[in-house]
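What follows is a set of notes on a single structure, which appears directly below.
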Amino acid sequence: MKKETTIIVLGTAHRMREPGKQSPDGRLKEAVYSREICSEVAGKLRNYGYKVEVDYEPLDLPKTMQSSNYKQERQNELAMRVNYVNELCRQYGTKNILYVSIHVNAAGADGKWHEAKGWQVCVSNNASQNSKTLAGCLYDTAKQNGLKTRQPAPTQKHWTQNLYVLNNTKCPAVLTENLFQDNKADVDFLLSDEGRHVIART
């Protein structure tokens, strides 16, 4: 990967108006946490000499894109992110763009604590070999950094998921699930100085 020609696009998670995207006690809000990690990672990568973009930094959509139907609003948000990445692909060439969307996982949507824990990385149903290679690099790094990792099979480092931003972006793309927002131990770690450092470093 050549620093002078590659653009790394970091994807923030959701928006504040998306229902249920927080820890049961409200301490961790996924939209906020993701943007904080993206900001830190962007700074680190720029210091290393890489060109970095963030797909969407505000916590909510512009009023004109909001909707009383949260599913429609979510679709507006996802389409906006994909259009942003694909426009960069059009301008600079697909082979020069990487997309890493940074999220926090959840075992349920019931506002309760659960037992599922760990770090995982996802690719699309039709993922390119470059996407899988990128996922493997992130998986290995997460493990080296001491994170408990999740994999669907002993020999497979990535999860295949039907996610709009992965299915529709033209460049190599992955989505990281950085532990679980409804596991209390994971939330405690994510909000600690050590946890933030480990996630950003990964």
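Numbers here simply count residues along the sequence, with the first being 1. Hydrogens, waters and symmetry mates play no part in the numbers below; they use all other heavy atoms, side chains included.
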Inset, instruction - Group every Ile, Leu, Val, Met, Phe, Trp and Tyr by side-chain heavy-atom contacts under 4.5 Å, then state whether I97 and L138 land in the same group. - result: no
Inset, instruction - May I ask you to decide if V104's main-chain N or O and E30's side chain share a donor-acceptor pair within less than 3.5 Å? - result: yes
Inset, instruction - Scan L28, D186, V198 and name whichever one has a side chain to side chain contact (heavy atoms under 4.5 Å, CB included) with L179. - result: D186
Inset, instruction - Might you point out which heavy atoms bring K132 and A127 nearest each other, and give the distance in Å? - result: CE-O, 3.8 Å
Legend entry - R196 to I37 - nearest heavy-atom pair and separation: O-CD1, 4.1 Å
Legend entry - Short side-chain donor-acceptor distance under 3.5 Å, Q72 and N76: yes
Inset, instruction - Kindly compute the distance separating CZ (R74) from CD (E18), expressed to the nearest 0.5 Å. - result: 4.0 Å
Inset, instruction - Under the salt bridge (Lys or Arg N to Asp or Glu O under 4.0 Å) rule, collect the residues that match up with R27, sequence neighbours excluded. - result: D25, D188
Inset, instruction - Decide whether Y48 and Y99 are clustered together by the hydrophobic rule: side chain heavy atoms of Ile, Leu, Val, Met, Phe, Trp, Tyr closer than 4.5 Å, transitively. - result: no
Inset, instruction - Working to the nearest 0.5 Å, report the span between OG of S67 and CD of Q75. - result: 11.5 Å
Inset, instruction - Answer yes or no: are there more than 12 heavy-atom neighbours, outside E194 itself, under 6.0 Å from its atom CD? - result: no
Legend entry - Neighbour count above 12 (heavy atom, 6.0 Å) for Y92 OH: no
Inset, instruction - Taking ring pair (Phe, Tyr, Trp, His ring centres under 6.0 Å) as the test, write out the residues that go with H158, two or more places apart. - result: none
Inset, instruction - Given side-chain hydrogen bond (donor to acceptor under 3.5 Å, both in side chains), test N178 with T176 step by step and report yes or no. - result: CA-CA 6 Å; N178 296 281; T176 62; 3.0 Å; yes
Legend entry - Over 12 foreign heavy atoms within 6.0 Å of CD, E115: no
Legend entry - Check ion pair E73-R15 (N to O, under 4.0 angstrom): yes
Legend entry - Separation between CG of N105 and NZ of K117, rounded to the nearest 0.5 Å: 13.5 Å
Legend entry - Any donor-acceptor N/O pair, R35 side chain to A31 backbone, under 3.5 Å: yes
Legend entry - Where C122 and L163 come nearest, the two heavy atoms and their spacing: CB-CD1, 4.4 Å
Legend entry - Which atom of L166 lies closest to which atom of L175, heavy atoms considered: CD2-N, 3.9 Å
Inset, instruction - Answer yes if the side chains of R201 and T141 hold a donor-acceptor pair under 3.5 Å, and no otherwise. - result: no
Inset, instruction - Determine whether V165 and Y84 fall in the same hydrophobic cluster, where Ile, Leu, Val, Met, Phe, Trp and Tyr are linked whenever their side-chain heavy atoms lie under 4.5 Å apart. - result: yes
Legend entry - Check: Y33/Q181 side-chain N/O donor and acceptor closer than 3.5 Å: no
Inset, instruction - Please answer: with hydrophobic residues joined when any side-chain heavy atoms are less than 4.5 Å apart, are L45 and V85 in the same cluster? - result: no
Legend entry - Short side-chain to backbone donor-acceptor contact, D182 and A107, under 3.5 Å: yes
Inset, instruction - May I ask you to check whether over 12 heavy atoms, not counting those of N69, lie within 6.0 Å of atom CG? - result: yes
Legend entry - Hydrophobic cluster membership, V41 vs I199, 4.5 Å side-chain cutoff: yes
Legend entry - pair H114-F180: side-chain heavy atoms closer than 4.5 Å: no
Legend entry - Side chain proximity check, T169 to N86, heavy atoms < 4.5 angstrom: yes
Legend entry - Spatial distance of atom CD1 (I8) from atom CZ (R46) [nearest 0.5 Å]: 10.5 Å
Legend entry - Heavy-atom side-chain contact between N183 and F189 under 4.5 Å: no
Legend entry - Donor + acceptor pair across side chains of Q151, K157 (<3.5 Å): no
Legend entry - Polar side-chain atom of S131 near backbone of A173 as donor-acceptor pair, under 3.5 Å: yes
Inset, instruction - Identify the heavy atoms of A142 and T149 that sit nearest to each other, and give their distance. - result: CB-CG2, 4.0 Å
Legend entry - Distance, nearest 0.5 Å, that separates CH2 of W119 from CD of E177: 10.0 Å
Inset, instruction - Hey, could you give me the CG/CG distance between D140 and N145, rounded to the nearest 0.5 Å? - result: 11.0 Å
Inset, instruction - Of all the heavy-atom pairs spanning Q161 and N167, show the shortest one and how long it is. - result: O-OD1, 4.1 Å
Legend entry - Chi angles and distances behind the side chain to side chain contact (heavy atoms under 4.5 Å, CB included) call for E40, K44: CA-CA 6 Å; E40 186 169 345; K44 290 178 183 293; 3.6 Å; yes
Legend entry - Donor-acceptor contact present, side-chain R81 to main-chain H14, <3.5 Å: yes
Legend entry - Any donor-acceptor N/O pair, R17 side chain to D60 backbone, under 3.5 Å: no
Inset, instruction - Output yes when a side-chain donor or acceptor of D55 lies under 3.5 Å from a complementary backbone atom of T12, and no otherwise. - result: yes
